[in-house]
Visitor: 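Mind having a look at this structure? Questions to follow.
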Amino acid sequence: MTAIEELKAEHEAVLLTIRILDKITNKLEAGQAIDVRHLEQILEFLKVFVDQCHHGKEEKVLFPAMEEAGIPRQGGPIGVMFYEHDQGRSFVQGLRSGVEGYRGGKDNASAEISKYARNYGQLLTAHIEKENNVLYVMAERVLSSEKMAEMAESFARIEETEIGPHKHEEFHKTLHALKDVYLTS
Ligand SMILES: [Fe+2]
Ligand SMILES: [Fe+2]
C-alpha cells in the first residue's frame, strides 16, 4: 500500500463513522433514547484516529511534501484543507459538549449533538471527496516514488506515537461493533 492508498483507506473508516453517527442522530431527532457510550466511543475515534493520526499525517507529512514540490499553501487547496481540519475540530468540540450535556440531562443537549454531528458529517464528507479526487491526485502527480516511500515511513512513526498497534486494533473492533448495531438493517 502506498502512503496515499493508506490515507484513502483511512477515509473509508471516517466515512463509516459518519454513517454511524448519522444513524444515532436520526434516533435522537426522532426523540428516541440513545446509548451515550456509543457517542463517546465515536468522539474518541474522531479525536485520536481521525484528528491526531490521519490529519497529523496530512498536516505534518503530506502537505509539507506537496509544498516542497511547489504547490503553494496560501490561496490553494492545501490552505483550504488546513482550514477545514480546524473547522472539523471545532465541530467535534461542539459535539463533545453536547454529549456531556446529554449525560448531565441538559435541556438542549440533543439539539446540540444533532447540529454538530450533521455539520461534522457534511464537512468531512465533502473534505474527503476533495482530497480523494483533487488533492491526492495532485500529490501522486508531483511526488516521486522515493518521496512516497519516505512518507509511508513517516506515517508509520505517527501511527506508533499517536495510536500504537494495540489501540489501532481496538478502534477497528469498536467501529465494527458499532457498524453491527447501526448499519445492519
Ligand atoms: Fe484532510
Ligand atoms: Fe484526509
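For this chain, numbers begin at 1 and follow the sequence in order. First listed ligand is number 1; within each ligand, the first listed atom is number 1.
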Visitor: Report the atom name of the nearest N/O/S atom of E131 relative to the Fe ion (ligand 1).
Guide: OE2

Visitor: Taking 2.8 Å as the cut-off, does an N/O/S atom of H55 lie below it from the Fe ion (ligand 2)?
Guide: no

Visitor: With a 6.0 Å cut-off on ring centres, are H168 and H172 close enough?
Guide: yes

Visitor: Quick check: does E58 put an N/O/S atom under 2.8 Å from the Fe ion (ligand 1)?
Guide: yes

Visitor: Quick one: does any side-chain atom of S90 pair with a main-chain N or O of Q87 as donor and acceptor, under 3.5 Å?
Guide: yes

Visitor: Can you check the angle at the Fe ion (ligand 1) formed by NE2 of H127 and NE2 of H85? Round it to the nearest 10°.
Guide: 90°

Visitor: Atom CD of E10 and atom CD of E159: how far apart are they, to the nearest 0.5 Å?
Guide: 6.0 Å

Visitor: Taking the ring centre of each residue, are Y116 and Y120 less than 6.0 Å apart?
Guide: no

